[in-house]
Amino acid sequence: MEWLERMNRAMDYIELNLTGEIELSEVARRACCSSHQFQRMFSFITNVTLAEYIRRRKLTLAALELQNSETARVIDIAMKYGYESPVSFARAFQSIHGITPAMARQDGVALKAYSRLSFLITIKGVDAMNYRIETKESFEVFGMERVFRIDGGGDAPNTPAQFWQQSHANGEVERLAANAGDLPRFVSQDSYKVHAICSYKNTGNDTFPYMLCAFKSGTSNANGYSTITIPAQTWAIFPSEPIAWDAFGGTIETLYRRFFTEWLPTSGYEQVDGMELEIYGERAGLHSVELWFAVRKI
């Protein structure tokens with residue numbers, strides 16, 4: 001299938017360049033998506049970050065070379081796989097294999113091997129996955145916006161979760177809710193006033209935008225906030241079951257993972273620039289979330 005072919009083309013590129021420079025923009029180009037979108041999909045599907053996968057593959061091949069060559073110097077192998085010094089190579093090598101590079105040449109030593117990943121269709125679907133496809137006209141949202149690095153670096157808050165925590169603590173979420181105004185008719189009227197939107201514009205290969213947002217209406221007060229226009233889109237919408245608050249984080253993660261691993265590879269759709277909405281709500285004392293993914297037919 002086309003989705004699988006794209007993902008495997010990206011993995012082919014990584015494998016062919018483990019001893020050179022791996023351009024994340026080129027990885028994403030081969031998968032026909034943005035860099036942030038590819039890395040996000042990869043992490044949900046494999047439970048490991050793309051950077052960590054590349055590191056494991058490099059150190060797997062480095063260990064094989066150490067075992068199979070008595071003449072190659074450790075420094076040469078370190079440089080081959082992108083390490084600038086024997087010290088940094090030894091530290092990374094030991095974190096994976098539990099021994100130093102020099103010890104890898106000893107008889108009977110135990111090493112770890114991480115194989116090249118390939119994407120395949122697996123048989124799933126025992127549990128039904130509720131979703132609907134809806135086309136929405138253009139709408140506006142406004143709120144507090146941040147640009148985050150994909151690797152989680154930078155100044156705090158450096159993740160969306162920390163951004164939520166900070167914004168609750170300083171009262172910004174409550175202030176935004178008070179300024180939100182009426183909910184639009186195209187969302188459940190049980191929804192909260194404050195939601196989140198991700199990847200609604202291009203901020204560079206290694207970053208992504210994230211906004212704590214409210215829907216803009218005639219009764220909203222958007223003064224002092226960033227406002228963005230979401231163009232008319234087709235959305236794949238995945239609602240959760242009603243849940244208690246302590247299950248909220250795990251439920252969202254499960255919905256994301258099932259979208260990427262079960263629905264997207266077999267649906268005949270692809271994501272549009274990675275754009276995602278998280279719509280939160282409450283009914284009868286229980287919480288809910290809907291994940292909206294902008295999609296188009298392949």
Side-chain angles (χ1 to χ4, degrees), residues 1-3 32-34 36-38 40-41 43-45 124-143 160-161 164 176-177 180-201 208-217 228-245 247-284 286-298:
M1 299 180 68
E2 188 171 349
W3 185 88
C32 300
C33 61
S34 69
H36 167 249
Q37 184 182 356
F38 181 84
R40 188 170 172 79
M41 283 193 297
S43 296
F44 275 113
I45 292 169
K124 296 183 179 180
V126 174
D127 297 320
M129 193 172 189
N130 296 320
Y131 75 95
R132 62 188 189 272
I133 302 292
E134 295 184 3
T135 299
K136 307 290 187 187
E137 296 299 322
S138 175
F139 59 89
E140 289 184 308
V141 296
F142 66 97
W164 272 104
L176 178 59
D182 297 330
L183 289 167
R185 290 194 300 270
F186 60 80
V187 300
S188 169
Q189 298 305 296
D190 294 320
S191 299
Y192 293 133
K193 298 289 189 177
V194 179
H195 311 284
I197 187 166
C198 178
S199 300
Y200 44 86
K201 64 182 179 180
F208 64 95
Y210 187 91
M211 177 184 280
L212 306 187
C213 66
F215 292 101
K216 189 175 181 180
S217 70
I228 57 174
T229 299
I230 307 302
Q233 297 277 11
T234 297
W235 299 90
I237 302 173
F238 296 80
S240 74
E241 297 294 332
I243 48 176
W245 180 252
F248 206 68
T251 297
I252 293 176
E253 184 174 342
T254 297
L255 282 176
Y256 271 114
R257 179 166 289 111
R258 294 193 70 190
F259 169 77
F260 287 121
T261 62
E262 298 181 36
W263 190 85
L264 192 62
T266 59
S267 66
Y269 286 87
E270 64 182 357
Q271 243 188 312
V272 177
D273 300 326
M275 191 185 299
E276 300 160 5
L277 264 167
E278 297 177 358
I279 309 295
Y280 310 108
E282 180 180 7
R283 180 180 296 174
L286 293 174
H287 304 276
S288 65
V289 62
E290 284 189 347
L291 300 186
W292 293 28
F293 299 91
V295 296
R296 61 180 166 232
K297 278 282 191 180
I298 296 177

Identify every side-chain donor-acceptor pair in residues 291-298 under 3.5 Å, counting partners at least two apart or on other chains, and give the distances.
{"residue": "Trp292", "atom": "NE1", "partner": "Glu290", "partner atom": "OE1", "Å": "3.0"}
{"residue": "Arg296", "atom": "NE", "partner": "Glu270", "partner atom": "OE2", "Å": "2.8"}

Quiz: residues 191-198 side-chain donor-acceptor pairs under 3.5 angstrom, not counting sequence neighbours:
{"residue": "Ser191", "atom": "OG", "partner": "Ser188", "partner atom": "O", "Å": "2.7"}
{"residue": "Tyr192", "atom": "OH", "partner": "Glu282", "partner atom": "OE1", "Å": "3.2"}
{"residue": "Tyr192", "atom": "OH", "partner": "His287", "partner atom": "ND1", "Å": "2.8"}
{"residue": "Lys193", "atom": "NZ", "partner": "Gly181", "partner atom": "O", "Å": "2.6"}
{"residue": "His195", "atom": "ND1", "partner": "Tyr280", "partner atom": "N", "Å": "3.1"}
{"residue": "His195", "atom": "NE2", "partner": "Tyr192", "partner atom": "O", "Å": "2.7"}

Exercise for review: Show your working on side chain to side chain contact (heavy atoms under 4.5 Å, CB included) between Lys201 and Ile228 and close with a plain yes or no.
Suggested key: CA-CA 9 Å; Lys201 64 182 179 180; Ile228 57 174; 5.7 Å; no
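Looking at Met41, Gln271, Arg40 one by one, the single match for side chain to side chain contact (heavy atoms under 4.5 Å, CB included) with Cys33 turns out to be Met41.
The closest side-chain heavy-atom distance from Thr261 to Phe44 is not below 4.5 Å. At a threshold of 4.5 Å between non-hydrogen side-chain atoms, the residues Ser43 and Phe260 do not count as touching. Ser240 places a side-chain heavy atom less than 4.5 Å from the side chain of Ser288. Under the 4.5 Å side-chain criterion, counting only non-hydrogen atoms from C-beta, Gln233 is in contact with Val272.
In this structure, Thr229 OG1 and Phe139 CZ are separated by 10.0 Å, a value rounded to the nearest 0.5 Å. For the atom pair Phe215 CZ and Leu277 CG, the distance stands at 6.0 Å (nearest 0.5 Å). To the nearest 0.5 Å, atom CH2 of residue Trp3 and atom SG of residue Cys32 are 12.5 Å apart.
Contact detail for Ser34 and Asp273: the closest heavy-atom pair is OG-O, 4.4 Å. Lys136 and Trp235 get closest at one heavy-atom pair: CG-CD1, 3.4 Å. In terms of heavy-atom proximity, Leu264 sits nearest to Tyr269 at CD1-O, 3.5 Å.
Looking only at distances, no side-chain donor or acceptor of Ser138 sits under 3.5 Å from a matching main-chain atom of Ala232.
A perpendicular orientation is assigned to the rings of Phe259 and Phe238, their planes being inclined by more than 60° (bins at 30° and 60°).
When the shell of 6.0 Å around CZ of Arg257 is examined, it contains more than 12 heavy atoms from other residues, nucleotides or ligands. The environment of CZ in Arg132 is crowded: more than 12 heavy-atom neighbours from other residues, nucleotides or ligands sit within 6.0 Å. The environment of OH in Tyr131 is sparse: at most 12 heavy-atom neighbours from other residues, nucleotides or ligands sit within 6.0 Å. At most 12 non-hydrogen atoms from other residues, nucleotides or ligands lie less than 6.0 angstrom from CD of Glu241.
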